[in-house]
Amino acid sequence: MPSRPVPVVRDPGAGVRVYLQPLPQETHRLKFVISSITARRADGGEVALLSEPKEIRPDDLIGHQSRLVSANLPPGDYVGLNLQIEGATLMTDEGENDLLVPEKPIAIDEAFRVRADQTTALFLSISSDRLVTAGYRFTPHFSLWGSRPALPGLKGVVTNNAAGTLTLFEKKTPTVTNVVALGRAPGEVVFDAARSRAYIALSGEDAVAVFDLVNESVRAKITLRPGDGPVEMALSPDGNILVSANAGSRSVSVIDAVSFVERERLLLNDRPSSVFFDPQGERAYVLHESSGMLTLVDAHQGRIIDTVHLEESPVRGAVSDDGEALYLITADSADLLVVNAATLRVQGRKYVGHGALCIEVDPFDGLIYIGMSTGDVMVLDPGFDLPVDTLSTSGGVAYLSLDTEENTLFALIPEHRRLEKFDLVSKKLLGAIEVDEGGYAVSVTGER
């Protein structure tokens, strides 16, 4: 069975995302319906953004950001939005009362430009002042602004494979801060925090994007060979070597992450499905799901050291905190394989159940986190053969990222287009953001 579904890929660009910022506490007794949102062009025309009325329930949105609009707009200059309120109610001690709403659309002024090759993120907030006047009139005041980058140490990104976009978010809140049109079919993303950049595989362009995390723009694209189709990547701990697993050409590219030059190209026996480094950054492990093989690569010398066959089909893997064992999840087994890092031989198994999709290891305490298609995150202790704890999410977990600074876990749920943040001590949900179609990978500053 496939490790994850492959969505239809679209060209990004000319898209607009409108996010409603967390609502103030004063709105908790209100409900209202937005019947239409239109973008006002500089030449006087209007373009509809909302396909159907949107009911706003503040009790669900206090402290949480939500996406109102995801649509395409004709490129050009715009001067703001018009927002029409259809109905509103206020809960009182006597029950729910209907409120009078503005008859005309509310004009929200904020100039923005839509380009054919970019995605525009807009953020809408509602003031807590004078929400209800005279006891029966709903008189909201909205403000609108464009993207405002988060501080470099608080950034996170999600690659959206089908939409061709990159969702940037502030990890502490968490809230979306920008959406960038990146390219065709972005996949794996890895951070180089020391250089404030991210590397993103673009399988639809046979390239690797070098993304500047400070300016939030593509700094360069490392062009590979036609048909390479890179999806998975790994970066050495020192940030100097980038290894790209090229599924299309059955090869591995060893890239100098300083000069952006491909140093070596290694041909493989089968299509690579995943790649990861050892803690020292000297060896890279390449998994082949379809043939059940594991290939060991010397990243510094650019050569294949060994290739072994496994009984199962490995999907993803990680290295233990001491670097002595590999943990591999498989497509056709309910067990987590424990492989000796020196001999590449299976030395143990741990039961996790069928449907494992992703894995992360905490290098500080050695705990293993496994995202399942069922929506659970299994927590394993290396000293035990069965899970020691479970964390529940809203859907199938395609990717995990551990944040050492906050001791939190980010879980990507593509089926619901959500990224959820959990406290690793209490296992409670701390927040969630909405991402674009085909969420593939997530990375945050301070991740383990």
Side-chain angles (χ1 to χ4, degrees), residues 12-24 27 37 39-40 42 49 61-71 73 75 77-81 83 106-115 117-129 140-160 163 165-182 189 191 193 196-198 200 209 211-219 403 405-406 408 410 417-419 421 430-436 442-447:
V16 170
R17 312 289 188 268
V18 180
Y19 292 88
L20 180 63
Q21 294 298 88
L23 296 180
T27 63
I37 300 176
R40 305 197 318 269
L49 294 177
L61 299 176
I62 292 175
H64 297 284
Q65 184 190 58
S66 65
R67 189 169 63 186
L68 289 178
V69 171
S70 177
L73 272 181
D77 291 326
Y78 294 80
V79 295
L81 303 179
L83 188 147
I106 301 171
I108 310 167
D109 298 328
E110 175 67 20
F112 61 93
R113 175 172 293 176
V114 176
R115 294 185 174 92
D117 59 345
Q118 294 184 4
T119 299
T120 303
L122 299 172
F123 301 90
L124 186 69
S125 69
I126 183 171
S127 172
S128 60
D129 296 333
H141 297 276
F142 293 93
S143 57
L144 184 71
W145 64 89
S147 61
R148 297 174 182 173
L151 294 174
L154 298 177
K155 284 189 178 181
V157 301
V158 175
T159 57
N160 305 298
T165 59
L166 189 70
T167 301
L168 291 100
F169 63 94
E170 192 272 320
K171 68 175 186 177
K172 196 173 183 66
T173 323
T175 53
V176 174
T177 59
N178 200 3
V179 180
V180 176
L182 193 66
V189 53
F191 269 20
S196 297
R197 69 174 63 147
I200 302 151
F211 189 81
D212 189 318
L213 291 170
V214 176
N215 298 323
E216 298 190 346
S217 61
V218 176
R219 174 182 174 182
D403 182 5
E405 296 174 344
E406 290 192 328
T408 56
F410 288 88
R417 303 185 187 183
R418 279 169 61 92
L419 177 70
K421 176 183 177 181
L430 299 178
I433 63 171
E434 297 183 53
V435 300
D436 284 351
V442 57
S443 187
V444 298
T445 52
E447 68 183 350

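Remember, predicted model here, so these are calculated numbers, not experimental data. Atoms considered below: every heavy atom in the structure, side chains included; atoms not considered: hydrogens, waters and symmetry mates.
In this structure, the side-chain contact (heavy atoms from CB on, under 4.5 Å) partners of T175, at least two apart in sequence or on a different chain, are P22, Q65, E170, T173. By the side-chain contact (heavy atoms from CB on, under 4.5 Å) test, R417 is found to be paired with R67, V435, E437, residues two or more places apart in sequence or in another chain being considered.
Among the candidates V69, L68, T119, the single residue satisfying the side-chain contact (heavy atoms from CB on, under 4.5 Å) test with R17 is T119.
The line from CZ of R115 to CG of L73 is 14.0 Å long, rounded to the nearest 0.5 Å. The CG atom of L81 lies 5.0 Å from the CG atom of L144; values are rounded to the nearest 0.5 Å. Interatomic distance, S143 OG to I108 CD1, rounded to the nearest 0.5 Å: 8.0 Å. T408 contributes atom OG1, which lies 7.0 Å from atom CG of L430 (distance to the nearest 0.5 angstrom). Between E434 atom CD and L419 atom CG the span is 11.5 Å, to the nearest 0.5 Å. Atoms CG and NZ, from D403 and K171 in turn, are 3.5 Å apart once rounded to the nearest 0.5 Å.
When all heavy atoms of T177 and S147 are compared, the closest pair comes out as O-CB, 3.2 Å. Taking each heavy atom of A42 and V79 in turn, the nearest pair found is CA-CG1, 4.0 Å. G153 and T445 make their closest contact through O-OG1, 2.9 Å (heavy atoms, listed as atom of the first residue, atom of the second, distance). The two residues T120 and R113 come nearest to each other via the heavy atoms OG1-O, 3.4 Å. Contact record, L49 with A71: O-CB, 4.1 Å, taken as the closest heavy-atom pair. The minimum heavy-atom distance between P174 and I433, with the atom names listed, is O-CG2, 3.5 Å.
Remark: aromatic rings of Y19 and F169 are distant, center separation not under 6.0 Å.
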Table please: side-chain donor-acceptor pairs of residues 211-219 below 3.5 Å, with sequence neighbours left out.
residue	atom	partner	partner atom	Å
D212	OD1	V214	N	2.8
D212	OD1	N215	N	3.1
D212	OD2	N215	ND2	3.4
E216	OE1	N178	ND2	3.0
E216	OE2	K155	NZ	3.1

* To do: Begin with the C-alpha distance, continue with both residues' side-chain angles, and end with the deciding distance and a verdict on side-chain contact (heavy atoms from CB on, under 4.5 Å) for L182 and T165.
  => CA-CA 5 Å; L182 193 66; T165 59; 5.9 Å; no
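Relative orientation of the W145 and F123 rings is parallel, given thresholds of 30° and 60° on the angle between their planes.
Side chain to side chain, T167 and N160 meet the donor-acceptor criterion of an N or O pair below 3.5 Å.
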